[in-house]
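Scroll down for the structure; my scribbles are underneath it.
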Amino acid sequence: MNTANTVFLIIAAILVLMMTPGLAFFYGGLVSKKNVVNTMISVFIICALAIVLFVAFGYELCFNGNVAGIFGRVQHIFLSGSDLTKVVLKEQGITAASYLLFEMMFAIITPALFVGATVGRMRFNFLLVFVFFWSVLVYSPLVHMVWGTGGLLAGWGILDFAGGTVVHINAGITALVLSIFLGPRYQKQTRPYSLPWVLLGTAILWLGWYGFNAGSAFGMNQTALTACLTSTVAAAASMMTWLLLEEAFSGKASLDGICTGTLCGLVGITPGAGYETCAGALFTGILCSLASYFFISQVKGRLSFDDPLDAFGCHGISGIVGALTVGLFASQKVDPGISTSGLFYGGSWELLGKQAAGTLFTIVFTLLMVSLITAVLKRFVNMRVSARDEEVGLDLSEHGEFADCQISASQAIFGK
């Protein structure tokens, strides 16, 4: 075991774990006052659910052996009898225990992302059951296909450094399908609960993204430094692009807008963080912001799905653009280990074609599996709350709690 790399990976895992409560603040600040508690608990409870599932059998479904390039083999329930001291990444000196811990955090944050498409109208119990089946039938196979030994998409030669397909396209398409099944809200309330929470959540997510991207190098090395740098540049470029777009088309810059723009850049650079130059990261951030901005502002309103917090518009659209830009901006000078450079760095159309194939496969696979899971579950578990519950808010109807504790003046003065 390499002690320095193990400490680095543990710190990275902690940073990724912090992204989930950060996302709870981001989403909680964007929703209406009557759905704040439901939104935050829906995100945060996944920390517990995903950890239990990953330890029970998720880790082995993702990384233990290979079944047809789609699944791993489950041989140790709850890791009983598993050798966690075994070095699984020999070059970096990373043991199974530290590798498992880091990958577990990805299993937490990914399902939390699509909660943004379901706020204000999905039953809490349905969400829990859905995340269980989604983790087994959608997330674990995609992890194995992209990052597992003998994985199908890995065999195709696609590059996904930290989760463009596995995390963001996957979560974005899931958000789209769930929003379609749920149908539109009866009353669309656009006034956010707390913009300071949105900024706080964005800052925590940005900080955690360094663990997300740099940690995927699995050691304190040049690749990790590259991922840190490209993540920073892409986020900044995307934020500035969103700001300029808002100034140009609406005449006013908004806090929630530039926060969304920041996340689009971070989403987009994720699959290429360890492969791209700073210039490539700059253009990746710009392209992702352009694509997500115009989808959210121009296209979304013409479609018949209701994604309140733009989980698909941000993670789905920017994830797709980011996965494709690897085929444009990846460079063998940055990572000599990749088979070919992108189109703009001396390569041919080969890598771009592979990225397009992997992206399309991820979209279709997720679309079909999520549709199947949702259609079956709806027969056994009520998916959507009643119109009355939606009107009063899910904080009260689902949890009996409120984000604000208000007391009357007489109670405050007389203690009644």
Side-chain angles (χ1 to χ4, degrees), residues 19-52 108-135 171-172 174-202 204-205 256 259-260 263 305-315 370 374 377-378 381-406:
M19 293 175 74
T20 302
L23 184 69
F25 275 103
F26 180 77
Y27 281 168
L30 284 173
V31 298
S32 62
K33 184 178 181 178
K34 62 185 181 181
N35 292 311
V36 176
V37 172
N38 174 259
T39 300
M40 298 188 80
I41 195 174
S42 296
V43 172
F44 193 55
I45 193 62
I46 293 175
C47 289
L49 179 57
I51 288 172
V52 172
I108 297 171
I109 186 63
T110 307
L113 295 173
F114 60 68
V115 170
T118 68
V119 294
R121 60 204 198 281
M122 178 180 279
R123 288 189 178 275
F124 184 67
N125 290 342
F126 183 91
L127 175 67
L128 296 180
V129 178
F130 176 83
V131 169
F132 174 87
F133 286 102
W134 179 90
S135 297
T174 301
L176 175 64
V177 174
L178 289 177
S179 64
I180 292 173
F181 269 93
L182 279 168
R185 290 164 289 172
Y186 296 120
Q187 294 180 338
K188 294 185 179 181
Q189 298 181 352
T190 57
R191 184 177 180 181
Y193 172 71
S194 174
L195 286 177
W197 279 21
V198 175
L199 178 58
L200 174 63
T202 304
I204 296 173
L205 285 166
D256 64 333
C259 287
T260 301
L263 296 185
F305 74 97
D306 185 8
D307 180 2
L309 306 186
D310 294 311
F312 174 71
C314 177
H315 296 279
V370 173
T374 307
L377 281 184
K378 283 185 66 177
V381 184
N382 289 333
M383 183 178 187
R384 181 164 178 163
V385 299
S386 66
R388 173 60 178 167
D389 287 346
E390 184 176 335
E391 182 181 356
V392 300
L394 272 62
D395 288 2
L396 176 62
S397 64
E398 291 284 292
H399 310 288
E401 294 181 319
F402 298 96
D404 293 326
C405 296
Q406 297 178 340

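Positions are given from 1 along the sequence. All values reported here derive from a predicted model rather than from experimental measurement. Side chains included, hydrogens not; waters and symmetry mates left out as well; all remaining heavy atoms used.
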Quiz item: How about Phe126 and Phe181: are their ring centres within less than 6.0 Å of each other?
Solution: no
Got a second to check how far [X]'s [atom1] is from [Y]'s [atom2], nearest 0.5 Å?
X	Y	atom1	atom2	result
Phe26	Asp256	CZ	CG	8.0 Å
Leu113	Phe312	CG	CZ	14.0 Å
Ile108	Ile51	CD1	CD1	4.0 Å
Leu128	Ser42	CG	OG	8.0 Å
Asp307	Leu176	CG	CG	7.5 Å
Phe114	Leu309	CZ	CG	14.0 Å

Would you mind reporting whether [Y] and [X] have side-chain heavy atoms less than 4.5 Å apart?
X	Y	value
Thr20	Ile46	no
Thr110	Trp134	yes
Arg123	Val381	no
Leu396	Lys34	no

Is there a donor-acceptor contact under 3.5 Å from the side chain of [X] to the main chain of [Y]?
X	Y	answer
Glu390	Tyr186	yes
Arg384	Leu182	yes
Arg121	Gly183	yes
Asp306	Arg185	yes

Which atom pair, heavy atoms only, marks the closest approach of [X] to [Y]?
X	Y	value
Val370	Phe130	CG1-CZ, 3.9 Å
Ser179	Phe305	OG-CD1, 3.4 Å
Asn125	Glu398	N-OE1, 4.5 Å
Ile204	Gly22	CG2-CA, 3.7 Å
Pro308	Gly116	CD-O, 3.7 Å
Leu49	Phe132	CD2-N, 4.5 Å

Exercise. Run the numbers on Val119 and Asn38 for side chain to side chain contact (heavy atoms under 4.5 Å, CB included), then give the verdict.
Key: CA-CA 8 Å; Val119 294; Asn38 174 259; 5.6 Å; no
Self-check item: Positive for side-chain contact (heavy atoms from CB on, under 4.5 Å) with Val31, one of Leu394, Thr39, Asp395
Solution: Thr39
Quiz prompt | salt bridge (Lys or Arg N to Asp or Glu O under 4.0 Å) involving Asp310 - partner list, sequence neighbours excluded | solution = Lys300
Exercise. Mind running side chain to side chain contact (heavy atoms under 4.5 Å, CB included) on Leu377 and Met383 for me, showing each step along the way?
Key: CA-CA 8 Å; Leu377 281 184; Met383 183 178 187; over 6 Å; no
